[in-house]
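In what follows, chains are A, B, ... by sequence order, proteins preceding strands, each numbered from 1.
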Number of protein chains: 2
Amino acid sequence: MLSLHQLRCFLATYEHRSITAAAEELGYAQPSVSEQIRGLEKTLGVALFRRVGRGVVPTTVADSLRPHAEATIAAAEEARRAVASVVAFETGTIRFGMFGTARLYAGAGLVADVLARHPGVRVELIGQNSNDVQEDLRRGRLEAAMLAVPTMSSEGMHVIPVARDELVYISADPERLQTPVTAQRLAEASLVMPETTWRAEDSTRTVLRQMLHETGRNPQTRIEVEDVETAVELVGMGLADSVIPHGAAVQLIPRLAPKAGWVSLRPQQFDTLAIVHRAGATLSPAARLMIELATARIQAIAEPLAPR
Amino acid sequence: MLSLHQLRCFLATYEHRSITAAAEELGYAQPSVSEQIRGLEKTLGVALFRRVGRGVVPTTVADSLRPHAEATIAAAEEARRAVASVVAFETGTIRFGMFGTARLYAGAGLVADVLARHPGVRVELIGQNSNDVQEDLRRGRLEAAMLAVPTMSSEGMHVIPVARDELVYISADPERLQTPVTAQRLAEASLVMPETTWRAEDSTRTVLRQMLHETGRNPQTRIEVEDVETAVELVGMGLADSVIPHGAAVQLIPRLAPKAGWVSLRPQQFDTLAIVHRAGATLSPAARLMIELATARIQAIAEPLAPR
DNA sequence: GGATAACATAGGCACATCCTAGGGAAGCAG
DNA sequence: CTGCTTCCCTAGGATGTGCCTATGTTATCC
């Protein structure tokens, strides 16, 4: 079997026209290099050097092999260098999962943070769908993610809560923002909810369902839309009210619904934002980097939670 | 130390997303491939796959490594292929030594023979200087050569006589061609000799010196020139006579000195043409090819000698 | 002709490679 | 939820490879 080691010994010998000199350069004893050359000649089935008393002389086959041997060694070195550069965050891809409101108001900033520190990397922020993200985590396609999670930890997953974000009632009608909104009022309200919020396995869904369930009523949504932005716009147009995380409200209402405002629920409800990864996994430097930066971003906006 | 074997195992595993499948493809047991992957991860200092229960999932580092691993394997395969193609005479260089009159009237034909059989090869016919050729043989830079040699074998060299070529006296004066030329007449003649013939360590030099020495006289050359062609031209112009191998006379006189002719010496003298290579060497296929073709060419012109 | 230099050979140690056997966790089916 | 299958890991042992030192052989140099 052809090996890089054989090619390295071959090249050193070819260049020095001497096995002894090659061994010295490579830091081996002379018989070791001699053996590698012999092995290479055997695998190729052809003599590469003529042993002529004292000294060796390359054959024309050696002349032909040399550039290919150099190219192969160079390719291997390049492979090593490429990996090193990825490890050093100079190149390569950093993949991180981020779903729910977290991505909404921290995603772009997080990517900016990463690129500011490591301009050469590609960043993939995965988070089209909360189910997919959890599935990706479970299957190992994603190493770590920041999610809005139910308070209990998922099976086989390690969950580190880093912040909580209050769920606030938003409306374009100042009347409805005078006092905190009770479950009763919430159940009677005409709501627009982003579908993802209801369907996804995150804490918003769990929290609100639970709150409404206590009134004995099912969630009443007049309108269901895909994303939070659309919901906020509809609130701004006075067509319905909604419940969204405070962080999203701060960011979206001035831009999309300047006439709307927000008020707490009563009792207060919170989304829990947490770092999630497979239990027992050793995190890569890239994952640790993303966790650190994402946590900092989130905690600058939402209310930090002491880990555990 | 990075190895091709590790890269092969890595690629198979990456493509199948499975160590077991990779092992099956490569013909190994599963733990063997597993160990190679682990070794590669150790040398690179980074995880390439996440072990996620049943199955493995490539990391982004693996994504980055893959093209380089493929390039490295391809380069190694290319090296192997290049050598195979040289061994099959499809490419590469064939080097052969040929000095003296042999090259003069068999060189071009020999090269043509080689190229007819193996159109892709480069041919190097070494023979500027007989001393250099012998030195190249001794130092191993040349594997084999065809030379005009003294009858005794050189030290450490294996000499296989393949033909002899009579040395003939050539002149533009028909008077001098009536009878064979004795040593006496030769010593008195006004000669033009190609310098190479006199200075080189080949049989012509030895033979003629010996012949003249018996008359008690030193070689008398009126003119010395570099090459045989010039000598023949000068003979054709009637400025001097010369002694050259019969094969050279046949080829050169009609072309360069149509008015000249030739006659034997008395006693007849011969150049011995022989294949020479280092004693105890195992000849490469290329060398055997050249020896076969050169011998055939020479024996078609000069008088064949049974080997040994 | 003896000293020197360079490669081959021999023998031995350490580690790599590869195998089989068996354990554990995840996924899947009943 | 229980058992089966799949896939990876670990353990242990046989074989092979890599590397060393010591020594033999041969050509070169003085």
Next on the checklist: For a quick test of reading the model: is some side-chain N or O of B:T20 closer than 4.0 Å to OP1 or OP2 of D:dC8?
Outcome noted: yes
Checklist entry - Using a cut-off of less than 4.0 Å, is there contact between a side-chain N or O of A:R139 and OP1 or OP2 of C:dG27? => result no
Next on the checklist: Tell me the interatomic distance from B:I37, atom CD1, to D:dC7, atom C1', rounded to whole angstroms.
Outcome noted: 14 Å
Checklist entry - Does a salt bridge link A:R81 with A:E77, judged by any charged N lying under 4.0 Å from a carboxylate O? => result no
Checklist outcome for this item: Per atom distances to the A:A29 side chain, the nearest of D:dT21, C:dT20, C:dG27 is D:dT21
Item to check | Interatomic distance where NE2 belongs to A:H16 and P belongs to C:dA6 [whole Å] | outcome: 12 Å
Item to check | C:dA6 phosphate, OP1 or OP2, under 4.0 Å from A:R51 side-chain N/O | outcome: no
Item to check | Rounded distance (Å) that lies between atom P of C:dT17 and atom CZ of B:R38 | outcome: 11 Å
Item to check | Gap between atoms CD and P, on B:E35 and D:dG13 respectively (whole Å) | outcome: 16 Å
Checklist entry - Is the shortest distance from a Lys or Arg side-chain nitrogen in B:E70 or B:R66 to a carboxylate oxygen in the other one below 4.0 Å? => result yes
Checklist entry - Has B:E24 got more than 12 heavy atoms of other residues, nucleotides or ligands less than 6.0 Å from its CD? => result no
Item to check | Rounded interatomic separation in angstrom, taking CE from A:M1 and P from C:dA16 | outcome: 20 Å
Checklist entry - Under 4.0 angstrom, heavy atoms only, what part of the nucleic acid is A:G140 near: base, sugar-phosphate, or nothing? => result nothing
Checklist entry - On DNA chain D, nearest-nucleotide positions of B:I19 versus B:R278: which is more 5'? => result B:I19
Checklist entry - Taking only N and O in the side chain of B:S18, is any of them less than 4.0 Å away from OP1 or OP2 of D:dC7? => result no
Checklist entry - Within the pair A:S32 and D:dC20, is there a side-chain N or O less than 4.0 Å away from OP1 or OP2? => result yes
Next on the checklist: OP1 or OP2 of D:dT17 versus the side-chain N and O atoms of A:H5: is any pair under 4.0 Å?
Outcome noted: no
Checklist entry - Do the side chain of A:Q30 and the base of C:dA6 come within less than 3.5 angstrom through a donor-acceptor pair of N or O atoms? => result no
Checklist entry - What is the distance, rounded to the nearest whole Å, between atom CD of B:E24 and atom P of D:dC8? => result 12 Å
Next on the checklist: D:dC9, OP1 or OP2 - any side-chain N/O from B:S34 closer than 4.0 Å?
Outcome noted: yes
Next on the checklist: Between A:R38 and A:E41, does any NZ, NE, NH1 or NH2 come within less than 4.0 Å of an OD or OE carboxylate oxygen?
Outcome noted: no
Checklist entry - What's the OH-P distance between A:Y28 and C:dC7, to the nearest Å? => result 18 Å
Checklist entry - Between C:dA26 atom P and B:R54 atom CZ, what is the distance in whole Å? => result 12 Å
Item to check | Short side-chain N/O contact from B:R138 to OP1 or OP2 of D:dA27, under 4.0 Å | outcome: no
Next on the checklist: Under 4.0 Å between a side-chain nitrogen and a carboxylate oxygen: does that hold for B:R95 and B:D136?
Outcome noted: no
Checklist entry - Hey, does A:V52 reach any base, or is it just sugar-phosphate, or nothing, if we go heavy atoms under 4.0 Å? => result nothing
Checklist entry - Quick one: does A:T13's side chain have a donor or acceptor within less than 3.5 Å of a partner on A:C9's backbone? => result yes
Item to check | Short side-chain N/O contact from A:Q36 to OP1 or OP2 of D:dG18, under 4.0 Å | outcome: yes
